[in-house]
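Please read the structure below before turning to the comments.
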Amino acid sequence: MSRLVLVLGDQLSPRLSSLKAADRQRDTVLMAEVWAEATYVPHHKKKLAFVFSAMRHFAEELRSNGWRVIYRRLDETGEASSLSSEVTRGLRETGATGVLVTEPGEWRLREDMATWPARLGVPVDCREDDRFLCSHADFRAWADGRRQFRMEYFYRDMRRRTGLLMDGDEPAGGRWNFDAENRKRAERDLLMPTPLRVTPDAITRDVLDLVGSRFSGNFGTLEPFWFAVTRHDAEAALDRFIADALPRFGDFQDAMLEGERFLYHSVLSTYINIGLLDPLDVCMKAETAWRNGAVPLNSAEGFIRQILGWREYVRGIYWLRMPEYVSLNTLGHTRPLPAFYWTGDTQMACLRSAIGQTRDEAYAHHIQRLMLTGNFALLAGIDPAAVHEWYLAVYADAYEWVEVPNTIGISQFADGGLLASKPYASSGAYISRMSDHCRGCRYDVKQRTGDKACPFNALYWDFLARHRTRFEGNPRMAQMYRTMDRMGEAALAEARARGQRLLATIDTL
Ligand code: FAD
Ligand code: DLZ
Ligand code: SF4
């Protein structure tokens, strides 16, 4: 019996569980660019080009390794195409009597696949995605019986389990976490590292033409396009990050600088999430760099924690809490997303910068996502579903399993605190401390009221006042409410009135 091995667009790893279980002589791999996946959110043009080009390169890699591959291009599959319609066609053409697939990373697709055996009339062998370091069963076992989930404890277990950054039973350097050292403000540096930029080859050029013509109305700038689209180039990007940027990753992890789009971040999530880089491999390389004395421990630990800790943790929460998780809205926020999220056309310099680079690069680093675009949406009471759709569309690394917990949970507090112990809400003071955006802004970060006052300030106090009953008992927020009480009623009322005026004219800010 021969099988059709469906490889999805974010499963571009030779050691994929479905490929390991398949027979190279008998089975046929199917990869398909389909309209349904290309349009279920209005993906950024660069994200579409990245996924299609990396898929085409991976099909070539499989062929050169002796696999028989059916590859369908978007211009062959048509506007009614979906993964199930292409699997149906593939079964008919090959005469295969079963489907083999590694589980998808999104709930909607897993639900759809569950209907395939009945709809397609063949068995569908859906394998666990073992590219992750924590299986579904292990995460469930970890979560079972805990009243509160905290990433830090999960992370320590993962360190013990993988042996990463461990000296025997003890954490390397005697501490699990060096975050206290990782909050420095960045200064301009002429030698600032930049991620590896790859010149598009003929395959990528074809894809750029396709995306340029079929998705011209989508958000984002298509060119210059410089992402790596092969394993070889993604590895080179990793090596370059470890040599040039990782040494200072820790120190400047929370910093932002006008015009510096990447700072000391790795820009590797895009490659890890699509399968071009293996997460354990990436962590091991970072650890080796520390053990060889090339990288300080606060950087290696901070970086490894993001991948071994946060990345695995949010994925665990996604599968534990879906399908209801994506619709949570504990704070009852309903305002539509301001139009400037899709244009960058705002007078707030910090948001203009983060949204502008999102448009150009399909990338923003974590603090930009959390403390600029995410923070503003939270303070302004934007509907978390709209915020979620935006993040899923605009970043090249976005798939629901990682985007939803970060947006719904960490950034918008829409899960009521399952993922974050307090909302990531801040006034302009935080942005001013961690960046230089305020210097070039039309607004004044020091003012709370008046036409020139930084919108984050009034919106922050209005947010805290609006949700006082929910948050004032939270020990991590006690200080904020003490400060609010010291402001006095009149000053608070004035700030809230300014907040309300800002919300009424939100699209003009
Ligand atoms: P670095 O700062 O260099 O970090 C190293 C690696 O750690 C990343 O490549 C990534 O694999 C991992 N990582 C870091 N933080 C997280 C995190 N919070 N959750 C999971 N993995 C993490 N990340 C995505 O991969 N896809 C998303 O769709 C996504 N959506 C987000 C939405 C919001 C609202 C927020 C606040 C964060 C989101 N993140 C998402 C997490 C994080 O912002 C990105 O992983 C990171 O910015 C990617 O850039 P980098 O590779 O330069 O990361
Ligand atoms: C993101 C994406 C896009 C844009 N296009 C395709 C596609 O045409 N074919 C495909 O197999 N996968 C694509 N993907 C990735 C899938 O959306 C991804 O596998 C699911 O969202 C599950 O994570
Ligand atoms: Fe952003 Fe306010 Fe600073 Fe302007 S003043 S850059 S809006 S924090």
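In listed order, ligands and their atoms are each counted from 1.
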Among all the protein's non-hydrogen atoms, which is closest to [atom], and how far away is it?
| atom | result |
| --- | --- |
| atom 50 (P) of ligand 1 | V267 N, 3.5 Å |
| atom 2 (O) of ligand 1 | H265 ND1, 2.7 Å |
| atom 7 (O) of ligand 1 | Q306 CB, 3.0 Å |

Within the 4.0 Å heavy-atom shell around [X], which atoms of ligand 2 are there?
| X | answer |
| --- | --- |
| R108 | 17 (O), 20 (C), 21 (O) |
| L83 | 11 (O) |
| G105 | 22 (C), 23 (O) |
| L8 | 11 (O), 19 (O) |
| D10 | 18 (C), 19 (O), 22 (C), 23 (O) |

Worksheet item: Using 30° and 60° as the class limits, which term best fits the ring planes of W319 and H136: parallel, tilted or perpendicular?
Response: perpendicular
For [atom], which of the options [options] provides the nearest non-hydrogen atom?
| atom | options | value |
| --- | --- | --- |
| atom 16 (C) of ligand 1 | Y399, F241, W310, Y313 | W310 |
| atom 48 (C) of ligand 1 | A398, S269, C283 | S269 |
| atom 42 (C) of ligand 1 | M371, H366, Q368 | H366 |
| atom 15 (C) of ligand 2 | G9, A36, A396 | G9 |
| atom 3 (O) of ligand 1 | S266, G302, G309, A364 | S266 |

Response to the item:
So the salt bridge (Lys or Arg N to Asp or Glu O under 4.0 Å) pairs with at least one residue in residues 371-389 (sequence neighbours excluded) are none
Worksheet entry | Summary of salt bridge (Lys or Arg N to Asp or Glu O under 4.0 Å) pairs that have at least one residue in residues 439-450, sequence neighbours excluded | none
Is the closest N or O pair between [X] and ligand 2 shorter than 3.5 Å?
| X | result |
| --- | --- |
| H43 | no |
| A32 | yes |
| E106 | yes |

Practice prompt. Decide if the gap between the ring center of F154 and the ring center of F149 is smaller than 6.0 angstrom.
Written response: no
Item to complete: Decide whether the shortest distance between a heavy atom of Y40 and an atom of ligand 2 is less than 4.0 Å.
Response: yes
Worksheet item: What do you reckon, does F52 put a non-hydrogen atom under 4.0 Å from ligand 2?
Response: yes
Answer yes or no for [X]: is there a heavy-atom contact with ligand 1 below 4.0 Å?
| X | value |
| --- | --- |
| P279 | no |
| Y363 | yes |
| I410 | no |
| F303 | yes |

Fill in: Side chains of E106 and Y40, donor plus acceptor under 3.5 Å
yes
Fill in: Sub-3.5 Å N/O-N/O distance, F249 and ligand 1
no
Item to complete: Identify which protein N/O/S atoms are less than 2.8 Å from atom 2 (Fe) of ligand 3.
Response: C454 SG
Item to complete: Using the six-membered ring of F303, assess whether NZ or CZ of K285 lies under 6.0 Å from its centre and within 45 degrees of the ring axis.
Response: no
Worksheet item: What pairs with R89 under side chain to side chain contact (heavy atoms under 4.5 Å, CB included), at least two apart in sequence or on another chain?
Response: R72, T77, E86, R92, E93
Discussion item. One residue to check: M55. Relative to ligand 2, which of side chain, backbone, both or neither has a non-hydrogen atom less than 4.0 Å away?
Written reply: side chain
Worksheet item: Which one holds for L48 and ligand 2: side chain close, backbone close, both close, or neither close, with close meaning a heavy atom under 4.0 Å?
Response: side chain
Worksheet item: Can you tell which part of H365 has a heavy atom less than 4.0 Å from ligand 1: side chain, backbone, both or neither?
Response: backbone
